[in-house]
Engineer: 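I'd like to ask you about the structure that follows.
FYI, side chains are in, hydrogens and waters are out, and symmetry mates aren't considered; it's all heavy atoms of this structure.
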Amino acid sequence: MGETFLLDGQSVTLTEAEIYPTHLRLNFDYDPANTAWLTELNFYLENERGERFNGIVNGISATGNPDDPSTDSVWLDSPYFSTGEHLTLHVTGAPGSTRDRSG
């Protein structure tokens with residue numbers, strides 16, 4: 001948590017991971033100096049045992065802020081019942097990150 005990384009030149013910080021029996025929620029924050037909104041993120045989580053946790057297919061997959069089009073939280077399948085102790089985030093693309101923030 002607290003890791004800042006670049007996606008298509010935009011600074012993104014993973015602020016929190018909330019693990020529930022029904023889903024895992026990742027919360028993000030963005031640098032105000034970013035020039036584009038992050039509106040879509042392709043990724044998965046993997047634990048040290050090789051178990052993979054993908055984005056939610058049916059139901060809520062992401063939430064955001066009504067004041068901007070950024071995705072503030074993304075929801076994944078839950079690792080709650082897995083036996084792993086560590087999760088690694090693998091980002092495979094950010095196709096929505098090129099939307100200009102100026103309008």
Engineer: Would you call Pro21 and Phe81 a side-chain contact if the rule is heavy atoms closer than 4.5 Å?
Structural biologist: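 Counting from C-beta outward, Pro21 and Phe81 do come under 4.5 Å.
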
Engineer: Looking only at atom types and distance, does a side-chain atom of Glu48 sit under 3.5 Å from a main-chain N or O of Gly84, one as donor and one as acceptor?
Structural biologist: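 No, because the side chain of Glu48 does not come within donor-acceptor range (under 3.5 Å) of the backbone of Gly84.
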
Engineer: For residues Thr83 and Arg49, is any side-chain donor paired with an opposing acceptor at under 3.5 Å?
Structural biologist: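 Yes, because at least one side-chain N or O of Thr83 sits under 3.5 Å from a partner of the opposite role on Arg49.
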
Engineer: Supply the atom-to-atom distance Leu6 CG to Asn34 CG, rounded to the nearest 0.5 angstrom.
Structural biologist: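 Answer for the CG-CG pair, Leu6 versus Asn34, is 8.5 Å.
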
Engineer: With sequence neighbours left out, write down each residue that passes salt bridge (Lys or Arg N to Asp or Glu O under 4.0 Å) with Glu18, or none if nothing qualifies.
Structural biologist: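 Salt bridge (Lys or Arg N to Asp or Glu O under 4.0 Å) list for Glu18, sorted by chain: Arg25.
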
Engineer: Checking the side chain of Asn27 only, and the main-chain atoms of Thr15 only, is there a donor and an acceptor separated by less than 3.5 Å?
Structural biologist: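 Here the side-chain-to-backbone pair does not exist.
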
Engineer: Output, in order, the C-alpha distance, side-chain angles, deciding distance and verdict of side-chain contact (heavy atoms from CB on, under 4.5 Å) for Leu26 and Ser73.
Structural biologist: CA-CA 5 Å; Leu26 297 178; Ser73 299; over 6 Å; no

Engineer: How long is the gap from NE2 on His23 to CG on Leu76, to the nearest 0.5 Å?
Structural biologist: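 So the gap between those two atoms works out to 9.5 Å.
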
Engineer: Verify side-chain contact (heavy atoms from CB on, under 4.5 Å) between Asn47 and Phe53, making sure each step is shown before the conclusion.
Structural biologist: CA-CA 8 Å; Asn47 68 18; Phe53 305 93; 4.0 Å; yes

Engineer: Yes or no on side-chain contact (heavy atoms from CB on, under 4.5 Å) for Thr35 and Gln10, after CA distance, side-chain angles and deciding distance?
Structural biologist: CA-CA 7 Å; Thr35 59; Gln10 308 306 307; 3.2 Å; yes

Engineer: So for atom CZ, which belongs to Phe5, do other residues, nucleotides or ligands contribute more than 12 heavy atoms lying within a distance under 6.0 Å?
Structural biologist: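 Yes.
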
Engineer: Got a second to check how far Thr88's OG1 is from Leu45's CG, nearest 0.5 Å?
Structural biologist: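 Thr88 OG1 to Leu45 CG: 8.0 Å, rounded to 0.5 Å.
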
Engineer: With Tyr30 as reference, evaluate Thr4, Asp72, Thr13 under the side-chain contact (heavy atoms from CB on, under 4.5 Å) test and give the passing residue.
Structural biologist: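 Answer to the side-chain contact (heavy atoms from CB on, under 4.5 Å) test with Tyr30 among Thr4, Asp72, Thr13: Asp72.
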
Engineer: With clusters defined by side-chain heavy atoms of hydrophobic residues (ILVMFWY) lying less than 4.5 Å apart, directly or transitively, does Trp75 cluster with Tyr44?
Structural biologist: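 Not linked; separate clusters.
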
Engineer: Are Ile19 and Phe43 linked, directly or through intermediate hydrophobic residues, by side-chain heavy-atom contacts shorter than 4.5 Å (ILVMFWY only)?
Structural biologist: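 Shared cluster, yes.
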
Engineer: Considering all heavy atoms of both residues, which atom of Gly55 and which atom of Asp77 are nearest to each other, and what is their separation?
Structural biologist: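 Taking Gly55 first and Asp77 second, the nearest heavy atoms are O-OD1, 4.4 Å.
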
